[in-house]
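Order of listing sets the numbers, starting from 1, for every ligand and every atom in it.
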Amino acid sequence: MHAQISPSILSADFARLADECARVAGFADWLHVDVMDNHFVPNLTLGQPVVERLVNAVSTPIDAHLMIANPDRWAPGYAEVGCRSVTFHVEAAADPRSVARNIRAAGARAGMALKPRTQIDDYADLLPELDMILIMTVEPGFGGQQFMADMMPKVTRTRELLKGRPDLDVWIQVDGGVSDSTIEQCADAGANVFVAGSAVYNAVDPADACNRLRAVADAAMRSWSA
Ligand code: DX5
Ligand code: ZN
């Protein structure tokens, strides 16, 4: 298993989105797009029409992170417009199992995100419906916040649950405060997909930042990955 880097465009220049995405093309495995609705989180970013345009304007696959109320209603649409991965928050979903099924049916990988106070064990029965678990390492809503190292036991616990289900192939993503100085502990704990916003887009060379992050993560993942 190799480390995958998903730069969050939340820290990019929104007036030049396609250009900003192009700066990491060929270096990023995914482009992480943070959709916020000012209800589930106290911030507002962009919605499905802009995401659809981005899908068509960039070559890197889009990893949509929906921080929105009622994903039951809205999440499958992001798959329908071409996002290759669509992640919803379990705290916002009325029926997480059908959200995941509907995302998959619309052709995308289904991800389920957990806020810092949400425990994975409460949702272990949903793992077969999922392609990715997103463990938030900040409270969702804003870029540039401080990394919560106390989320690492949750990452380790999720990896442990997955080791008991070799029939499944579920990725573990971390998001929030991931940087040169924090990515190693995430990879060590069992994450394999790494979202980095400010660490990539505030860097002088975002492409180079992706490579550096991936190299550190790949080395640390060797402790548990075959
Ligand atoms: C926070 C978002 C993150 C954010 C990460 O709610 O989900 O994706 O952009 O930004 P950094 O890496 O700066 O913490
Ligand atoms: Zn995010």
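Side-chain contact of Q4 with W30: a donor-acceptor pair under 3.5 Å is present, judged by distance alone.
Between A106 and E80, the shortest heavy-atom contact is CB-CG, 4.0 Å.
Between the OD1 atom of D34 and the OD2 atom of D175, the angle centred on the Zn ion (ligand 2) amounts to 170° when rounded to 10°.
Residue-level check: among N/O/S atoms of H65, ND1 sits closest to the Zn ion (ligand 2).
Sorted by first then second residue, the side-chain hydrogen bond (donor to acceptor under 3.5 Å, both in side chains) pairs that include residues 107-130, not counting sequence neighbours, are E91-T118, R97-D125, R97-E129, R101-E129, D121-R157. For residues 175-226, no residue pair satisfies the ring pair (Phe, Tyr, Trp, His ring centres under 6.0 Å) rule, not counting sequence neighbours. Listed by first and then second residue, the salt bridge (Lys or Arg N to Asp or Glu O under 4.0 Å) pairs that reach into residues 22-46 are E20-R23, D29-R214, sequence neighbours excluded.
Between F40 and H89, the angle of the ring planes lies from 30° to 60°, which puts this pair in the tilted group.
Contacts of ligand 1 (protein heavy-atom distance under 4.0 Å) are S8, L10, H32, D34, M36, H65, M67, M136, P140, G141, F142, G143, G144, D175, G176, G177, V195, A196, G197, S198.
Interatomic distance, T156 OG1 to K154 NZ, rounded to the nearest 0.5 Å: 12.0 Å.
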